[in-house]
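So you know, we letter chains A, B, ... as the sequences are listed, proteins then strands, and number each from 1. Values in this document were obtained by computation on a predicted structure and should not be read as measured data.
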Amino acid sequence: MRYALRMERLTARKIEQTRVKQDRLGARDEDDYGLVLPPASFKVELPVRDATGQWSGPRAWAANFRWLMENHPCYIDPDDAIAGRWMFMLSRMRLGYQLSRSNFAFDYSHLEPLQKKYDITTGIGKDAHFAPDYQIGLDLGWGGLLEKVRAVRLKFSAGGEDAAYSVELMDAEEQAILGVQAWMRRLGAAAADRTMTEEDPERRANLEEMARICLKLVDRPPETLREAVQWIAVFNMASRTYNRDGAGGQLDELLRPYYVRDIAAGLITDEDAEFYCFCLLLNDPHYYQIGGPAADGTDQTSRMSYIILEAASKLKSSCNLTIRVWDGMDRALYRRGVEILLANRLGYPRFSGDKALVEGFMKNGYSAELARQRIAVGCNWMSLPGLEYTLNDVVKINIAKVFEVAFAESASWEELEANYRKHFAAAVKVTAEGIDFHLDHQYLNEPELMLNLLSHGPIEKGLDVSHGGATYYNMAIDGAGLAVVADSFGAIEQRVVDEKALSFAEVKDAVASNFEGDAGERTRKMLDSAGRYGAGGTRADAWAVKLTEILDGEIAGHTTPHGFKLIPGWFTWADTLRFGRAVGATPNGRRAGEPISHGANPLPGFRKDGALTAMAAAIASVQPGYGNTAPWQLEVDIGLADDERAVEKLMALMDGHFALGGTLININVVDAEKILEADRDPSKYPDLVVRVTGFTAYFNSLSPAFRQLVVKRLIREAV
Amino acid sequence: MNGVVFDIKRGCVKDGPGLRTSVFMKGCPLKCVWCHNPESQSPAIQRAVATDEVCGREMSVEEVMGEVRRDKVFYSASGGGATFTGGEPTMQFDFLMALCGAAKAEGIHVAVDTCGFAPRECFAALLPCVDLFLYDLKCMDAARHLEFTGVPNGRIIGNLEFLDSAGAKFWIRCPLVPGLNDSDADLAALRDFTRGLRNMEKLEICPYHPLGLEKCAKFGLSPRYAGMSQPTAADLARYNAFLRPREGCAPARPQAMNAPAGRTATGKECYAI
């Protein structure tokens, strides 16, 4: 227990930092990210901005990023194994930044009418959301990356006009690296300075080692486990600072060689290794996968996987670790993950289903070997580290809006499906055109200066990863609002067609008036109480499957007009409120403006018994099945955690879901009373971490409306 | 063949081992004062007083099996299966036999939750197609059993001894209500009796919960007893002290405030996990 006290102090500091963020920034409805605030006196003075507060292109991004890195405050904690915390997001410093709509220097107003009509989240101008291959950086170090970039620049500098962009990009990459190196040098110096005032001998020794490592890593690649986690953390912090990127990698495999070498050389114990991992996970809640099959189909679980898992267990903070569940796995790792999930009640680890992911991805024409390497490194998403560009989780079609358009146009039940199909196809078409527009222009708008460095191709080819640099382009389109639309179709079919209890016109009138008056409310109740998606065997269940077929039919196996592959998924991220505001009343009894359903989940109240087997089976039945996910977001009451066989039962539930085709499970084990109390007074539980969706967050950092998303999922279960 | 079913709950974790689908069959020969599902006592289909809610619907064996089949993948992953409960499932004996036979034929683990008040032949006939009995034992004292449930306990105890001697697997489930059937003498009698059973796998305590009273009001039924209280933490500790030493006895726990989903007729919580 050598590190227990240090872990405790680090965790306490993180909670305090979260409180300060909350006080200064107010509610932030997204991931915790691990950032801390800069000193109040710190002034950001970016060198490049135009009159409207914007900048674009490699040169401008590089100059601004380099300035930020060269001036970035150096956070040093003498208890930490890692130097530094990140404090800024350059990509959000452009004037008028919105999470839902990126600044984009190019005019796509020709696409906007239809994008608005179908409430499409276009992804145009969105950054990151694909995975780096850390191995490139761990092998080369910043010095090696710099050499590589300079060599490529030299090659292109003889290329004249045609190579002008490549030269500019390589120049920008060089500036970015120099910025990071400058920060590392300063981190090393700051750690060394801090030793002067540190009286505790153990902490002083730690600071000396921290300083040594930072200075070494300015140029050279890491050689020990502690150096490797410091390298990864610096890349993460720099990449976050650049554009919020949060994709991780197969962490156990990345760290294993260093661990094996250090242990063999007698440099560290397992306890040391666990502490280093603890510090890495504390530094930033990047999405890492552990376990799962290697490319050749052998199990990747190692001692390192367990050490990372135990480190996460001790973390007691926001964390996004995923265990890949597969037939050939070490079940003990899986079991330990479930035990931690139930015991800690912090919403992690998560679990991904290898079988459906691999078989699904192969349907896009890829090999099993490649499919196995496509790992869980994002909120809802999988990616091939260093090989793929995807726009994962940032391109969404609000199918509740598509339904609204189709319903308004339909005079009878018979017309409704055809109208939905027609408008959904139109929505996909304009979404795909938007993706092409992004791929055509993003390299000029915001090149991926950090992620390019850890990708196979962009540097070698002198092309941004968004513009020909990547090996594969698998562009994600997610549908949002599945349960609302399935229940709407189902309610009309049941009440109007099957039972003839209502006429189609009555439903239309009631929906158009937002269920106004007593008659409207009566109609609403009838529609609301129809059999829901998730109950099993209802009309709505059949519609959910059909909507998935329609989604696949328009997206899977298709390409954008410019020929980039598309892959479908069902996921709303945490945008159920925003999507809901755009949609009027719907025939499932939902009033205008109310949130839409979450991901592939059925709506609360989908069955009187709230049966989780029913939920598991339903969500498995709507998997698009091409390697992207339709995650199951599950809230489990602590009642289960008290059951003596809870671990087995939860594993059985997950095994069943994966056997039926499930891809990703996000679970909160919750104490409903505690959450309700924390909702009334968030300051009461500053350490309460919940899984909002693919990400976890401190509950008290969420806005009241956002907290309701979590609260409502609980209440449905209460008797 | 058809029967009257008043609910089918999926994903139950407290009605036998693993993840289970519980089929609630209507009608019960007992009228327990603490009953959690008073609307299940009458074999007839009933309607709630103020709302449109209907309790009970006629279903065929195939319809019920259609629901039961949905979670087959979870049964095999968890060692779960189907639980036929009620009401008292033996009240619809032919229907129960058909369901047990159908489930068994498909390799589904079958549990029958029973109050034990049925002719001996029923249990003899069920033996080959039931994997586990969940057997309610409400009070060892004959007079109070009659008072609280409306029937004497001789037949119930006799059937249990029959199942035990026939080698059937069973769990005993005992609803405990403070002041009614939870005295030290009651607990001692229960402990002593169950110690003599060879094939009991588990003894479960089901602490009283007043859910049934609300349902009485909803369906216009008048409760025979009012003012029953939930066991306190001290009561639960006492139950455990008496009964826990017996191997296989599940500890009594307070009812969770936000326990999701419903509860079985015997008052056991049925978490939707």
Quick one: is the NZ or CZ of A/K355 closer than 6.0 Å to the six-membered ring centre of A/F658, and within 45° of its axis?
-> no

Go through the side-chain N and O atoms of [X] and [Y] and say whether any donor and acceptor fall under 3.5 Å apart.
X: B/T83; Y: B/D15; answer: no
X: A/Y334; Y: A/D655; answer: yes
X: B/E88; Y: B/T114; answer: yes

Chain A contact residues among residues 53-66 of chain B, heavy-atom distance under 4.5 Å = none

Parallel, tilted or perpendicular for B/H209 and B/H36, by the 30°/60° rule?
-> tilted

Pairs meeting criterion salt bridge (Lys or Arg N to Asp or Glu O under 4.0 Å) with involvement of residues 228-238 of chain B, two or more places apart = B/D182-B/R238, B/D184-B/R238, B/D235-B/R238

Counting only heavy atoms closer than 4.5 Å, note whether A/A535 contacts chain B via side chain, backbone, both or neither.
-> backbone

Got a sec: does the NZ of B/K104 have more than 12 other heavy atoms crowding it under 6.0 Å?
-> yes

Counting heavy-atom pairs under 4.5 Å with chain B, the top scorer among A/A617, A/A659, A/A652 is A/A652

